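Here the structure is a predicted model, which is why all the values come from computation and not from measurement. Both backbone and side-chain heavy atoms feed into the values below; hydrogens, waters and symmetry mates do not.
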There are 2 protein chains.
Amino acid sequence: MILDERKKLILESIIRDYVETAEPVGSRAVVKKHGLKISAATVRNEMSDLEEMGYLEQPHTSAGRIPSQKGFRYYVDCMMEKETLDEKETEFLLHLLDDSFQELNELIQKIGHYLARITNYASFVIVPSINLSKFKYLQLIPIEEGKALLLLVTDLGVVMHRQIEVPGSIKAAELDLIGRVLNQILAGKKLAEVQRGDLQALREELKQRRRVIDRALEAIESLLANSNEERVMISGALNILNEPEFKDVDKLRRILAFLEEESMLKNLLPDNIGNKVDIRIGKENQSQAIQELSLVFSGYQTQGEKGWMGLMGPIRMEYWKAAGSLDSVREIIEEIIKKRF
Amino acid sequence: MILDERKKLILESIIRDYVETAEPVGSRAVVKKHGLKISAATVRNEMSDLEEMGYLEQPHTSAGRIPSQKGFRYYVDCMMEKETLDEKETEFLLHLLDDSFQELNELIQKIGHYLARITNYASFVIVPSINLSKFKYLQLIPIEEGKALLLLVTDLGVVMHRQIEVPGSIKAAELDLIGRVLNQILAGKKLAEVQRGDLQALREELKQRRRVIDRALEAIESLLANSNEERVMISGALNILNEPEFKDVDKLRRILAFLEEESMLKNLLPDNIGNKVDIRIGKENQSQAIQELSLVFSGYQTQGEKGWMGLMGPIRMEYWKAAGSLDSVREIIEEIIKKRF
DNA sequence: ATTAGCACTCAATAGAAGAGAGTGCTAACA
DNA sequence: TGTTAGCACTCTCTTCTATTGAGTGCTAAT
């Protein structure tokens, strides 16, 4: 559907106004705001057309118009220009992140906080499951009589550990040996592959220390199972308290409850991760619980790892700002990661 | 101040009723509810007395009475009987915790969730700083060209790690040696003590590998600094959305904002940790932000480690249930920890 | 000391009136 | 044919008033 320039102008004007004030916008307001050369009556006619086409709606007869979800959709698809971060913000972000993190997770979490802070929306970040990364290093370390620590490092430097029981009689050197063997067999494999056959094969190979190996393998399995899950992190959930559409406590409860059930989020995102910004407006969301919310999100990709990050706000959302910020931030973190790892 | 039996009965009746309904309680309601043998008029006289004494207050002339904070305080101090967990709940909790945790932190966190769930209040747990626990074991592990992992274990089995840079030329055996030396010097020390002089002394002792050692010591210092902070964990914050006194979004915002600033909490608790349940009602709290909330909390103690756990709810709180639950839960976790570690 | 009776108070609710914002339609104009 | 001014109309929102009802406090009787 193609709109003529004047209709576009009016639609944009109404959207900008409505996003800012959360109030229906009248014809006079449109004229004044943009200093248009046409009269309010003309605008009224156009607005009437736009309503008929489904881009605007009227809360009641004598109110102004508000953009419909379809209106937002049209704006987002055909008219919007993203507002990326300006230099100062970029600078600040870079400064914030500069080697102040030890691990990928930390970085990602900081990004989440930052996004929430500059946009005043709730942000979410979905950290890729470690599953995809490669096994790199493993060691068995005696801690005390009867206990050892299994240490596992992936090639991206994620360290996981777990205590296991071992016979009291076992010697440090022996533990070390077992560790080495495990290491050799697993080295370079993807963690996801490890699960399949190797563990069984290993059990056979090292019969004489069955007990230790069994425990070690259990520990590895358990670590895998744990890290298998993508982690979802939400920041700035309280930002939605500031939106006038959620001054009703019941609505609020529904939404915050949804956010608390973090795992729900990832079901809503598409299966394959690109890295273009995608937008889900209100009812376009699958989940009942957040059909009064909009999602703006983007995949990110870092040498083999893929994850999501995004923003959630009211339907009356500054999509331009949200989408632009995401674009900028994605670029920045991909760059940082490339440099660091 | 001593109240006669009848006044006590009436005060209790009003408190119970008010806690349940959040509505002012009238004289008739008191009589009916408890099937008292006295008339409403008599109750009115008594209520008037109680008000004069400061235990009750009236929102306005023609409303019933509600307990004042002083009233709650009196009840809590002189009349309340704690309601500990019943057998089924205890059973369930034990089952929930039974070896399903790897580390102390995990256990504590689960406890927090459980407390929030059974009481329908927000729970908090403050995990003791690791500072107090003893250094047990340290190892340097080569990961790849130029990078090593410093691994540190405390006697309670908490594992911390951090990557450090090392010269590319260094051999695994050498790293191992350095680790051993560090180990010997630090072994058995309390982590808090480590900070003082040892690190400096060490630097002298191992001049030939200054670079590695410097990095290792930096890492240890940084780990210490990180773990120095007590960690605060809050669960079930959304439970306060259900309380009618917070249906006002502004109040809500203040309180949730306070909860998000988790670190604030520990400033509110007494300096020395006992393990009796303590209660702070409304204005008794130091912090402005939560003077409309009550805190019920208790210390817990596990071989040298001390921490806090507690519940936060409206002033109109089921103190008997909260205090009782805490008592039960504390007993249970202290027992579990004694058994496990 | 207790209680029944009654006048009184005050919040909460409902209804009515008025104000104001904004529209849609009509007729005039370029 | 597109644009505009004018005006009646609609509907929400606010304000004001009346009514209701719960609950009290006081008084007088038991």
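Contact check of residues 2-9 of chain B against DNA chain C (heavy atom, cut-off under 4.0 Å) returns B:R6.
Residues meeting the side chain to side chain donor-acceptor pair (under 3.5 Å) test with B:E318, sequence neighbours left out: none. By the side chain to side chain contact (heavy atoms under 4.5 Å, CB included) test, A:M79 is found to be paired with A:K8, A:L11, A:E12, A:Y74, A:Y75, residues two or more places apart in sequence or in another chain being considered. For B:D77, the side chain to side chain contact (heavy atoms under 4.5 Å, CB included) partners at least two apart in sequence or on another chain are B:R73. Taking B:F124 as the reference, nothing meets the ring-ring contact (aromatic ring centres under 6.0 Å, His included) condition, with sequence neighbours excluded. Remark: B:E57 pairs with B:I66, B:S68 by the side chain to side chain contact (heavy atoms under 4.5 Å, CB included) rule, at least two apart or across chains. With sequence neighbours left out, A:Y55 forms a side chain to side chain donor-acceptor pair (under 3.5 Å) with no residue at all. Residues passing the side chain to side chain contact (heavy atoms under 4.5 Å, CB included) test with A:R254 are A:K251, A:E292, sequence neighbours excluded.
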Table please: side-chain donor-acceptor pairs of residues 274-282 of chain A below 3.5 Å, with sequence neighbours left out.
from   : atom 1 : to     : atom 2 : distance (Å)
A:D278 : OD2    : A:R280 : NH2    : 3.2

What pairs of donor and acceptor atoms, side-chain ones from residues 27-37 of chain A against any protein atom, are under 3.5 angstrom apart with sequence neighbours left out?
from  : atom 1 : to    : atom 2 : distance (Å)
A:S27 : OG     : A:R44 : NH1    : 3.2
A:K33 : NZ     : A:D17 : OD1    : 3.0
A:H34 : NE2    : A:S13 : OG     : 3.4

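In this model, no donor atom of one side chain and acceptor atom of the other lie less than 3.5 Å apart for B:N239 and B:R117.
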If you restrict it to nitrogen or oxygen atoms, what contacts under 3.5 Å exist between nucleotides 28-30 of chain C and the protein, and what is each distance?
none

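Atom pair B:E23:CD and C:dA12:C1' shows a separation of 12 Å (rounding to whole Å applied). Taking atom CD1 on A:I66 and atom C1' on C:dA21, their separation rounds to 16 Å, with Å as the unit.
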**Asked** In the 5'-to-3' direction, what one-character label does each nucleotide of nucleotides 7-26 of chain D receive under the scheme B = base within less than 4.0 Å of a protein heavy atom, S = sugar-phosphate only, - = no such atom?
**Response** ---BBS---------BSBB-
